[in-house]
Amino acid sequence: MDLQTQLRQVSQTTLPQIQQTNDLKQLNQIRVSVLGKKGSITAILRGMRDLDPQERPQVGSLANKVRDEITAAIEHQRMVIEQQAMNAALAAEKIDVTLPARPLKRGVPHVINQILDDLEDLFIGMGYQVVDGYEVEDERHNFEMLNIPKNHPARDMQDTFYVKDDILLRTHMSPDEARELEAHDFSKGPLKMISPGRVYRRDTDDATHSHQFFQMEGQVIDKNITMADLKGTLEYAIHHIFGTDRQIRFRPSYFPFTEPSVEVDISCFNCDGKGCPVCKYSGWIEVLGAGMTHPNVLQAAGVDTDVYGGFAFGLGIDRFAMLKYGITDIRDFYLNDVRFLHQFKGGII
């Protein structure tokens, strides 16, 4: 049998096999057996060395034609097999879009964040800027610039965690106030700021104390600031959080960084000021401390106390949340129990 006849026979035999194959592995086996280095076409072409030179072009041309036909048939069948596989997968994995979607449980902001966001919006509306400071502070800004020198008794109340001899985790948000006082250019206007954040104190964890908690402090420094400005600001903020039916009381106190200093109380939400175990039968609950900024604090920041004065206040975000929602254990804020947290949806639906 001559070479051309053998090539035609390979074509007539292989093309139907390709069309009948529905498996990619079998299709590849056919390709190797016919077109590979040891395939049937290669074996036939080895016989061209025995042909007359005049016959070789005809055999070579036919071999190329058969090779191209088989290659095209294999590629076509490969696409057919892959398309069939894809159609089968789509049919098996199709989604019934007429089914109702599974309901998604929507989370809510943490109750601490709700109070923080509410107070920030309130003070921003009053013209305050929000300042974000450092959780790791130096003693100079955390104590000394706030009229709390070394060995001052007030440091005992704010015993904290030290990183180095003079580097510590901040015990209050007042360092932000000191830094802003240093950096502020009063020729461009007054300083009105709030600084919310996490603070740390070496305290025993119990229902009302924690080694970490959230505070918000604020200060206003300008010309002709009086206690009346402080009183009006705090009354507005307290009524915003606790409602306008709460009575407010200011009483003298002591803080190293303010003079004069006041503690601010609200009438008990549980007994409406009549006296109960919640307010220790006093009718009042302490909510924050405040006062007129001490001249030593202003002078430490290079502010002229003959021209400028102001006030400062500090409140515990955790305490505000506990009083607002009647929470009895501060540790519940940090347990990440969604059953507890989901009770406080605020204004979110």
Side-chain angles (χ1 to χ4, degrees), residues 115 119 123 141-149 151-160 170-178 181 193-197 199-203 208-210 213-221 225-242 246-269 273 275 278-301 305 309-324 330:
I115 300 293
L119 285 170
F123 281 101
H141 289 92
N142 195 84
F143 292 126
E144 293 163 15
M145 288 191 66
L146 301 169
N147 202 32
I148 310 176
N151 301 320
H152 193 286
R155 292 202 182 192
D156 293 340
M157 299 175 61
Q158 298 191 25
D159 200 5
T160 187
R170 65 187 177 195
T171 62
H172 48 186
M173 297 307 298
S174 299
D176 293 351
E177 298 177 1
L181 274 175
M193 59 161 286
I194 56 170
S195 181
V199 299
Y200 304 86
R201 296 183 188 178
R202 197 179 68 184
D203 209 341
T208 58
H209 298 84
S210 174
F213 52 95
F214 284 84
Q215 270 193 346
M216 175 180 287
E217 296 199 12
Q219 72 173 344
V220 174
I221 307 295
I225 300 296
T226 68
M227 181 68 80
D229 299 309
L230 171 62
K231 186 171 182 289
T233 299
L234 296 181
E235 285 181 346
Y236 182 68
I238 290 170
H239 282 152
H240 174 78
I241 294 294
F242 297 107
R246 294 296 99 207
Q247 299 296 314
I248 301 175
R249 180 178 73 174
F250 291 78
R251 53 186 172 83
S253 185
Y254 167 77
F255 302 109
F257 32 80
T258 54
E259 179 60 38
S261 304
V262 295
E263 296 277 5
V264 184
D265 304 328
I266 63 171
S267 55
C268 180
F269 59 87
V278 174
C279 61
K280 299 179 181 178
Y281 300 98
S282 68
W284 298 94
I285 297 177
E286 176 189 333
V287 292
L288 60 89
M292 304 304 293
T293 303
H294 199 292
N296 290 351
V297 174
L298 297 175
Q299 291 171 2
T305 55
F311 63 77
F313 58 88
L315 56 93
I317 301 298
D318 304 61
R319 184 168 180 78
F320 265 45
M322 292 177 74
L323 294 174
K324 182 176 178 66
I330 193 174

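We number each residue from 1, following the sequence as shown.
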Hey, could you give me the NE2/CG distance between H240 and L119, rounded to the nearest 0.5 Å? 7.0 Å
In short, A300 meets M145 closest at the heavy-atom pair O-CE, 3.6 Å
Look up atom NE2 in H172 and atom CZ in F143, then write down how far apart they are to the nearest 0.5 Å. 6.0 Å
What heavy-atom pair brings P256 and H294 nearest, and what distance separates the two atoms? O-CD2, 3.7 Å
Report the distance from atom CG of L230 to atom CD of E235, rounding to the nearest 0.5 Å. 9.5 Å
Do the side chains of I317 and F213 get nearer than 4.5 Å, heavy atoms only? no
Given the rule in the side chain to side chain contact (heavy atoms under 4.5 Å, CB included) test, do F311 and T233 qualify, once you have shown the distances and angles that lead to the verdict? CA-CA 10 Å; F311 63 77; T233 299; 3.8 Å; yes
Going by heavy atoms in the side chains, are F250 and L234 under 4.5 Å from each other? yes
Apply side chain to side chain contact (heavy atoms under 4.5 Å, CB included) to the pair R249 and R251, showing each step before the final yes or no. CA-CA 7 Å; R249 180 178 73 174; R251 53 186 172 83; 3.9 Å; yes
Do you know the tightest heavy-atom contact between L181 and A301? CB-CB, 3.5 Å
Test V220 against D229 for side chain to side chain contact (heavy atoms under 4.5 Å, CB included), laying out the working first. CA-CA 9 Å; V220 174; D229 299 309; over 6 Å; no
Other residues, nucleotides and ligands only: do more than 12 of their heavy atoms fall within 6.0 Å of OH on Y254? yes
Pick one: which of F123, F257, F255 meets ring pair (Phe, Tyr, Trp, His ring centres under 6.0 Å) with F313? F123
Please report the closest heavy-atom contact between P175 and L146, naming both atoms and the distance. N-CD1, 4.2 Å
Tell me yes or no: between the side chains of S253 and E263, is some donor less than 3.5 Å from an acceptor? yes
Between P260 and M227, the two heavy atoms sitting closest are CG-CE, 3.7 Å
Ignoring hydrogens and geometry, is there a side-chain-to-backbone donor-acceptor pair from H239 to R246 under 3.5 Å? yes
Distance in Å, L323 CG paired with D318 CG, rounded so as to fall on 0.5 Å steps: 11.0 Å
Let me see the working for L315 and V287 under side chain to side chain contact (heavy atoms under 4.5 Å, CB included), right down to the final yes or no. CA-CA 7 Å; L315 56 93; V287 292; over 6 Å; no
Rounded to the nearest 0.5 Å, how far apart are OG1 of T258 and CG of N296? 12.0 Å
Side-chain donor/acceptor of E217 to backbone N/O of S174, under 3.5 Å: yes
Any idea which heavy atoms bring I330 and S210 closest together, and the distance? CD1-CB, 4.2 Å
Are there more than 12 heavy atoms of other residues, nucleotides or ligands under 6.0 Å from atom NZ of K324? yes
Heavy-atom side-chain proximity of D176 to R170 below 4.5 angstrom: yes
Rounded to the nearest 0.5 Å, how far does CG of N142 lie from OG1 of T171? 4.0 Å
Salt bridge or not between E286 and K280? Use side-chain N to carboxylate O under 4.0 Å. no
